[in-house]
2 protein chains.
Amino acid sequence: MAAPPVPDTATRQRLLEVAGEVFAEQGFRSATIRDICARAGANVAAVNYHFGDKERLYLAVLEHAHSTALGRYPPDLGTTGDSSAEERLRAFVRSFLLRMLDEGVPAWLGKLMAREMIEPTAALDGLVERVMRPLFVQLVGIVEELSGAGTDPERVRLCAKSVVGQVLFYRHAQECLRRLEPAEPRDSERIERLADHVTIFSLAAIRGMSKDGSKAPRSKAGRQR
Amino acid sequence: MAAPPVPDTATRQRLLEVAGEVFAEQGFRSATIRDICARAGANVAAVNYHFGDKERLYLAVLEHAHSTALGRYPPDLGTTGDSSAEERLRAFVRSFLLRMLDEGVPAWLGKLMAREMIEPTAALDGLVERVMRPLFVQLVGIVEELSGAGTDPERVRLCAKSVVGQVLFYRHAQECLRRLEPAEPRDSERIERLADHVTIFSLAAIRGMSKDGSKAPRSKAGRQR
DNA sequence: TGACAGTTCAAACGATCGATTGATACAAGC
DNA sequence: GCTTGTATCAATCGATCGTTTGAACTGTCA
């Protein structure tokens, strides 16, 4: 009886893509429907017609972007069922970097995710459960295998966070790095170099920590005040 | 001859502190002068009277917050002139974490910095040159000493970025972590644990990488499409 | 052709924003 | 007492925001 909820897709699709750019550039609150519609060549009323309101447009953008990015760069990209943990770690790091930094993922996904992490909207809860938690669990599995059986689960999770932190740094600190180190090579080549470094650095750390229990540089310093 | 440019400081000081909270919560553009003035118990015209306009209030907030934070938690906190590189690394990591996460630095400094990195305003250029670059140079010096003389300077810088990335992760991903791992201990104790992990992890990585040249897990995988 | 659902449009609504204005209160200097 | 400079206030301006409205246009099926 009811008509299909999403019949026409021409204007709707343009809005979805343009809105991604604009939300990534300006943030949810500062982005204006007028700007989005103008860039999409649509009327101001188009957003309210196709998505109901501004917030539901934003949710649709996040959904659309993530299914695109995870389809293009899956976290086990290039590995097979019997790949070693080292290979799977590198694939995880590399695909993660690609999703965050590569142009054409769409290009604004990384920026949009960074925004959502710093300035959460109601969409973050769903994002954590549907996207981030599965990815993190997968990474914890890899690190666990690298650490050897019997390693303290808390330390495994800390190491996994160290890996994620290194990757996210190149997204979150992008504008700072652009000012700190103006000359950087082409993007695709740079991403491969970063993936190499993060993988080697993390492997050396995990192996080194597994060898000797957990020797700290004795925090005799600090703790004052 | 001219009167001192900042004679009274009662309202001005309250505005400075309240504005920090509000800018950290809402971001520069979404924060409103009305909200700031209301929380500070001042009239809407107070900001324009004391600071000229909204943007110069924002600059004053950043300036004020950083001089406070670096004074409270200097990057060589707890070390002396003849401390080892390991001790200086731990002091750097720990004070960095404290500046980003500790309540009462002021508490909103970390959030404000995270925002400025993701959504840069005109203030970021000055921030990079006056705050971030000196800190990064200092860290590079520590990592260089740990890596041993003759290490590729590019790799030293990459390792320094890996350290910074791990620390910033706990600030930038705070809202995600709160959803991923709801139960977390008291803040001050947690910061010490994080400082321990980041230091140990990074030391193991730097030492492990220095031992064997730079063996990657052979990126035979990936690279397709 | 005519009816109808889907889509687009110009125009307007009420709300809220940053900034300005002119009046006022207060204290110090002469 | 009078002037001067600092500080605060209520009131208001013009601009811009998200959203709504009702008419116009499109294609399809009877």
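Chain A is the first sequence line, chain B the second, and so forth, proteins listed ahead of strands; every chain is numbered from 1.
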Between C:dT8 (C1') and A:Leu15 (CG): distance, integer Å: 12 Å
Side-chain N,O (B:His50) to OP1/OP2 (D:dT6) below 4.0 Å: no
Using atom CG of B:Asp35 as one end and atom C1' of C:dT16 as the other, report the distance to the nearest whole Å. 13 Å
B:Phe92 vs B:Phe96 aromatic rings, parallel, tilted or perpendicular, using cut-offs 30° and 60°? perpendicular
Quick check on contacts: within residues 25-33 of chain A, what sits under 4.0 Å from DNA chain D by heavy-atom distance? A:Ala31, A:Thr32, A:Ile33
Please name all residues satisfying salt bridge (Lys or Arg N to Asp or Glu O under 4.0 Å) with A:Glu63, sequence neighbours left out, ordered by chain then number. A:Arg130
Polar-atom pairs under 3.5 Å, protein N or O versus N or O of nucleotides 20-27 of chain D: list them with distances, or write none.
none

Sub-6.0 Å ring centroid separation between B:Phe169 and A:Phe169: no
Salt bridge between B:Arg39 and B:Glu17, side-chain N to carboxylate O under 4.0 Å? no
Does A:Glu175 come within less than 4.0 Å of A:Arg178, counting only side-chain N to carboxylate O? yes
Consecutive-pair stems (at least three Watson-Crick or G-U pairs, under 3.5 Å) that include DNA chain C: C:1-30 with D:1-30
Rounded to whole Å, the OH-P distance (B:Tyr49 to D:dT6) equals 6 Å
Taking the basic N atoms (NZ, or NE/NH1/NH2) and the acidic carboxylate oxygens, is any pair closer than 4.0 Å for B:Glu192 and B:Arg90? yes
Which comes earlier along DNA chain D counting from the 5' end, the contact point of A:Glu55 or that of B:Ala42, where each point is its nearest nucleotide? B:Ala42
Atom-pair distance (CZ on A:Arg56; C1' on D:dG18), nearest Å: 13 Å
Cation-pi geometry met for A:Lys54 and A:Phe28 (6.0 Å, 45°): yes
I'd like to check the salt bridge (Lys or Arg N to Asp or Glu O under 4.0 Å) partners of B:Glu144; sequence neighbours left out, ordered by chain and number. none
Between atom CG in A:Leu57 and atom P in D:dT19, what is the gap in whole Å? 10 Å
Is it true that A:Arg88 and A:Gln138 share a donor-acceptor pair across their side chains at a distance under 3.5 Å? no
Return the set of residues passing salt bridge (Lys or Arg N to Asp or Glu O under 4.0 Å) with A:Asp76 (not counting sequence neighbours), or none when no residue passes. none
How long is the line joining CZ of A:Arg34 and C1' of C:dT16, in whole Å? 13 Å
Atom pair distance, as rounded to whole Å: CZ in B:Arg12 and C1' in D:dT6: 14 Å
Rounding to a whole Å, what distance do you find between B:Lys54:NZ and C:dG18:P? 4 Å
Salt bridge check, B:Arg193 against B:Asp196: does any charged N sit closer than 4.0 Å to a carboxylate O? no
